[in-house]
Amino acid sequence: MDREVSDVMSEKRNETWKELKEIVLEELNFLEEVTDEQVLEVIDRVLRKSRFQHNISLDKRCALRMELFYSIRKLDILEQLLEDETVTEIMINGENGIFLEREGRLEDFQEGRISKERLEELVIRITGMSNRMINEASPLTDARLEDGSRVHVAVSPVALESPVITIRKFPKRAITLEDLLEKESLSPEIAGFLKKAVQAKYNIFVSGSTGSGKTTLLNVLSDFIPKNERIITIEDTAELQIRNVPNLVRLEARASVVEGCREISIRDLLRASLRMRPDRLVIGEVRGAETVDMLQAFNTGHQGSMSTGHGNSTRDMLYRLETMVLMDMDIPAMAIRRQLASGIDLMIHLGRLRDKRRVILEISEIDGCTDGEIVTNLLYKFQEHGMNKDGKVEGQWVKTGVLRHKEKLQMAGLDND
């Protein structure tokens, strides 16, 4: 359909929607306590009396009915997308439309053009649910929906035309190791190696680009932690779905935009967690100066801890970690590299192949610091062979090295090789 024609149709549809919603809200004002059933009854009554009832098909009338209901009681147009388990990311580009991610591929949501007014109402509802404040003075915020989905919101003056909302959805059922094996995100051999590494308390750092599956892998790795240990998770926005751990403490940072409250950063939570007697720390992601505290925790007896970060490769991630430490401390690079080499045992790097499949691209052991440089020992690497006729990338994981530091495996009685 021509974009200009689509814009005109969307504009008329928004006018119809707005008019109907105002009538519904006016009728609902006469009711003291309103149930979902009563809201639907009022919507049905308004639609039957509406002058639009003969101009649209039954299917469209049913869709309009639910859209009105969602706008009044839930999260408007987002609700149907949140319920669609095939959608992994929702991107509302203001009034310019909505784009979705399904199976790693972006698509235009043709029915998703909504007015600036509706977007502003949606922003107020989302931030209110998470006790966050957003305005011209603080135009950016992160929030979390009831189902755990992560939300980022931008409004004027940073968003030039109308509010921009980006939502990272998480599956209702936590992804397991079996799921990753089925999706061919790793090999059975690698799965066995990682399971033993976690049980033996190797400190693990997971790197990768946005959407490469870092949090998902962290959840899966956490499943290998013995159930008699005390785990403390620390996140900017809570995303981890650690299951079946009785002694679990979940901590989430708080932004300073919450009115009347001071900021509680990842650094604050890391320092507080060390007084909570953790066996292991699972840190959702490090982005800045909190890397200093993460390394201190990794180097002060909290073995088996894990964290993630954005990086293009294992080597790139190590450089970034070094830079992030320098954001807070003016110390020699040699000292930082020694701390990194001493604190981190294994680096796992994730990425997306050309067919959008998320896979472990490489696993490296940190083998100390020599001549001022961190030495890495590449253990596994995904080797691509090409693409088949169905558009799927073919390849295999190749074992390229042998773990040199087996002390933790031996202490845990897991050195069976």
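Everything numeric here is computed off the predicted structure, so don't read it as measured data.
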Closest non-hydrogen atom pair, Arg250 against Thr233 = CA-OG1, 3.3 Å
key: Heavy-atom side-chain contact between Ile90 and Phe99 under 4.5 Å   = no
note = Tightest non-hydrogen contact, residues Pro163 and Leu119, listed as O-CD1, 3.7 Å
query = Under the salt bridge (Lys or Arg N to Asp or Glu O under 4.0 Å) criterion, do Asp328 and Arg267 qualify, and how do the steps go?
reply = CA-CA 11 Å; Asp328 183 67; Arg267 300 198 71 178; 2.8 Å; yes
query = Is the backbone of Arg404 close enough, under 3.5 Å, to the side chain of Glu365 for a donor and an acceptor to pair up by distance?
reply = yes
query = Is there a donor-acceptor pair closer than 3.5 Å between any side-chain N or O of Asn388 and the backbone N or O of Asp390?
reply = yes
message = If you count every heavy atom of other residues, nucleotides or ligands that lies below 6.0 Å from Gln410 atom CD, does the total exceed 12?
response = yes
CE (Met411) with more than 12 external heavy atoms under 6.0 Å = no
key: Spatial distance of atom CD1 (Ile363) from atom CZ (Phe382) [nearest 0.5 Å]   = 13.0 Å
ask   = Does a donor on one side chain sit under 3.5 Å from an acceptor on the other, for Thr216 and Asn219?
value = no
inquiry  = Looking at every non-hydrogen atom in both residues, tell me the closest pair between Ile234 and Ser273 and how far apart they are.
reply    = CD1-OG, 3.6 Å
ask   = Would you say the side chain of Val220 lies within less than 4.5 Å of the side chain of Thr176, judging by non-hydrogen atoms?
value = no
query = Judged by atom type as modelled, is there a donor-acceptor pair below 3.5 Å linking the side chain of Arg352 to the main-chain atoms of Gly211?
reply = yes
query = Just wondering, do Leu78 and Ile92 contact through their side chains at under 4.5 Å, heavy atoms?
reply = yes
query = Heavy-atom distance under 4.5 Å between the side chains of Lys392 and Glu184, does that happen here?
reply = yes
ask   = Looking only at atom types and distance, does a side-chain atom of Thr127 sit under 3.5 Å from a main-chain N or O of Ile124, one as donor and one as acceptor?
value = yes
task = Given side chain to side chain contact (heavy atoms under 4.5 Å, CB included), test Leu321 with Leu295 step by step and report yes or no.
result = CA-CA 10 Å; Leu321 288 170; Leu295 282 176; 6.0 Å; no
inquiry  = Taking Ser212's backbone N and O only, do any of them form a donor-acceptor pair with Ser209's side chain (distance below 3.5 Å, no angle check)?
reply    = no
ask   = Glu362 and Thr314: side-chain donor and acceptor closer than 3.5 Å?
value = yes
task = Step by step, work out the side chain to side chain contact (heavy atoms under 4.5 Å, CB included) result for Val155 and Val123.
result = CA-CA 9 Å; Val155 299; Val123 166; 4.2 Å; yes
Arg354 atom CZ, neighbour heavy-atom count above 12 within 6.0 Å = yes
inquiry  = Is it the case that over 12 heavy atoms from other parts of the model lie below 6.0 angstrom from the NZ atom of Lys227?
reply    = yes
request  = Return yes when atom CD of Glu146 has more than 12 non-hydrogen atoms of other residues, nucleotides or ligands closer than 6.0 Å, and no otherwise.
outcome  = no
request  = Report yes or no: does Lys408 contribute a side-chain atom to a donor-acceptor pair with the main-chain N or O of Lys201 at less than 3.5 Å?
outcome  = yes
task = Would you mind reporting whether Met306 and Arg280 have side-chain heavy atoms less than 4.5 Å apart?
result = no
Flag side-chain contact, heavy atom, 4.5 Å: Phe193 against Lys399 = no
ask   = If we ignore angles and hydrogens, is there a donor and acceptor under 3.5 Å between the side chains of Asn299 and Ser342?
value = yes
request  = Assess the side chains of His405 and Asp345: does a donor N or O sit below 3.5 Å from an acceptor N or O?
outcome  = no
ask   = Is a side-chain donor-acceptor pair under 3.5 Å present for Glu285 with Thr308?
value = no
request  = Please check if any side-chain donor atom of Glu161 sits under 3.5 Å from a side-chain acceptor atom of Asn96, or the reverse.
outcome  = yes
ask   = For the atom pair NZ (Lys356) and CD (Glu101), what is the distance rounded to the nearest 0.5 Å?
value = 8.5 Å
Derivation of the salt bridge (Lys or Arg N to Asp or Glu O under 4.0 Å) call for Asp279 and Arg277 = CA-CA 7 Å; Asp279 286 313; Arg277 202 264 178 213; 3.0 Å; yes
ask   = Are Leu318 and Met347 close enough that some pair of their side-chain heavy atoms sits under 4.5 Å apart?
value = yes
inquiry  = Could you walk me through whether Glu322 and Arg337 satisfy the salt bridge (Lys or Arg N to Asp or Glu O under 4.0 Å) test, starting with their C-alpha distance in whole Å, then the side-chain angles of each, then the deciding distance to 0.1 Å, before giving a yes or no?
reply    = CA-CA 7 Å; Glu322 182 180 331; Arg337 290 169 190 169; 2.9 Å; yes
inquiry  = So, taking the atom named OG in Ser187 and the one named CG in Leu180, what distance separates them when rounded to the nearest 0.5 Å?
reply    = 11.5 Å
Check against side chain to side chain contact (heavy atoms under 4.5 Å, CB included), Arg150 and Glu235 = CA-CA 12 Å; Arg150 186 183 69 196; Glu235 301 175 85; over 6 Å; no
query = Can you name the nearest heavy-atom pair linking Leu82 to Ser149, along with the distance?
reply = CD2-OG, 4.2 Å
request  = Step through the shown structure and confirm whether more than 12 heavy atoms of other residues, nucleotides or ligands are within 6.0 Å of CD on Glu384.
outcome  = yes
inquiry  = I'd like to know whether CZ of Arg357 has more than 12 heavy-atom contacts from other residues, nucleotides or ligands below 6.0 angstrom.
reply    = yes
inquiry  = Using a strict threshold of under 4.0 Å (side-chain N to carboxylate O), is an ion pair present between Arg287 and Asp236?
reply    = yes
request  = Decide side chain to side chain contact (heavy atoms under 4.5 Å, CB included) for Glu189 and Tyr380; before the verdict, give the C-alpha distance in whole Å, the side-chain angles of both, and the deciding distance to 0.1 Å.
outcome  = CA-CA 10 Å; Glu189 181 182 353; Tyr380 293 94; 3.2 Å; yes
key: Side-chain donor/acceptor of Ser222 to backbone N/O of Leu218, under 3.5 Å   = yes
ask   = Under a 4.5 Å cut-off applied to non-hydrogen side-chain atoms, are Leu122 and Ile165 in contact?
value = yes
inquiry  = Just verifying a value: how many Å separate Asp108 CG and Ile98 CD1, rounded to the nearest 0.5 Å?
reply    = 9.5 Å
Shortest non-hydrogen separation from Glu136 to Pro157 and the atoms involved = O-CD, 3.6 Å
key: Considering all heavy atoms, the nearest Ile366-Ile344 contact   = CB-O, 3.3 Å
ask   = Just by distance, with hydrogens left out, do His310 and Ser207 show a side-chain donor and acceptor under 3.5 Å apart?
value = no
message = If I take atom CD1 from residue Ile225 and atom CD1 from residue Ile242, how far apart are they, to the nearest 0.5 angstrom?
response = 6.0 Å
query = Is the closest basic N to carboxylate O distance between Glu89 and Lys169 below 4.0 Å?
reply = no
key: Val282 backbone acceptor or donor facing Ser305 side chain under 3.5 Å   = no
request  = Indicate yes or no for a side-chain donor-acceptor contact from Arg320 to the backbone of Gly309 under 3.5 Å, with no hydrogens or angles considered.
outcome  = no
task = Give, for atom CG of Asp293 and atom CZ of Phe298, the distance between the pair rounded to the nearest 0.5 Å.
result = 12.0 Å
message = Let's go through Arg144 and Glu239 carefully: what are the C-alpha distance in whole Å and the side-chain angles of both, what is the deciding distance for salt bridge (Lys or Arg N to Asp or Glu O under 4.0 Å) to 0.1 Å, and is it a yes or a no?
response = CA-CA 9 Å; Arg144 188 177 73 253; Glu239 300 174 17; over 6 Å; no
inquiry  = Main chain of Asn377, side chain of Asp367: is a donor-acceptor contact present, judged purely on distance under 3.5 Å?
reply    = no
